[in-house]
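For the single chain, residues carry numbers from 1 onward in sequence order.
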Amino acid sequence: MAKIKLVALDVDGTLVRSDLSLSPAVVLAVESLRDAGILVSINTGRSMGELIVLRRSLPWIRYFVVSNGATGLDAQTNQTFYE
């Protein structure tokens with residue numbers, strides 16, 4: 001069986017509560033992916049500006065596909081890799 005290399009996570013209805021906060025259990029689960037050497041990407045219809053709370057809770061996440069797939073961002077380098 002192939003090793004998982006990347007997990008792409010949705011925001012609404014998956015990671016965040018209705019008030020856009022993350023539960024401690026979600027933070028722990030996502031951190032366990034990182035600790036297992038799996039890249040984590042956030043994929044959402046939201047814009048980057050709407051992800052401030054999520055980015056504060058999980059500041060190490062590097063890749064974001066936002067605005068319904070219109071933009072791909074590398075948050076580590078602050079570079080757009082497609083638009």
Mind listing the closest non-hydrogen atom pair of [X] and [Y] along with its distance?
X     : Y     : value
Val7  : Ile4  : CG2-CG2, 4.0 Å
Gly45 : Asn68 : CA-OD1, 3.0 Å
Ser67 : Ser47 : OG-CA, 3.9 Å
Phe81 : Tyr63 : CE2-CD2, 3.8 Å

- Pairs satisfying side chain to side chain donor-acceptor pair (under 3.5 Å), at least one member in residues 30-41, at least two apart: Ser41-Asn43

Got a donor-acceptor contact below 3.5 angstrom from the [X] side chain to the [Y] backbone?
X     : Y     : answer
Tyr82 : Ala70 : no
Ser21 : Arg17 : no
Ser23 : Val26 : yes

- Please walk me through it: do Val53 and Val16 pass side-chain contact (heavy atoms from CB on, under 4.5 Å)? CA-CA 9 Å; Val53 172; Val16 299; over 6 Å; no

Cluster check [X], [Y]: I/L/V/M/F/W/Y, side chain < 4.5 angstrom:
X     : Y     : answer
Leu28 : Trp60 : no
Val30 : Val65 : no
Val40 : Val27 : yes
Leu58 : Ile38 : yes

- Pairs involving residues 49-58, ordered by first then second residue, that meet salt bridge (Lys or Arg N to Asp or Glu O under 4.0 Å) (sequence neighbours left out): Arg46-Glu50

Nearest 0.5 angstrom please: [X] [atom1] to [Y] [atom2], how far?
X     : Y     : atom1 : atom2 : value
Leu73 : Glu83 : CG    : CD    : 9.5 Å
Ile61 : Leu15 : CD1   : CG    : 7.5 Å
Thr80 : Asp74 : OG1   : CG    : 9.5 Å
Leu20 : Asp12 : CG    : CG    : 7.0 Å

- Task: Please tell me if the side chains of Leu54 and Phe64 come closer than 4.5 Å, counting only heavy atoms from C-beta onward.
- Result: yes

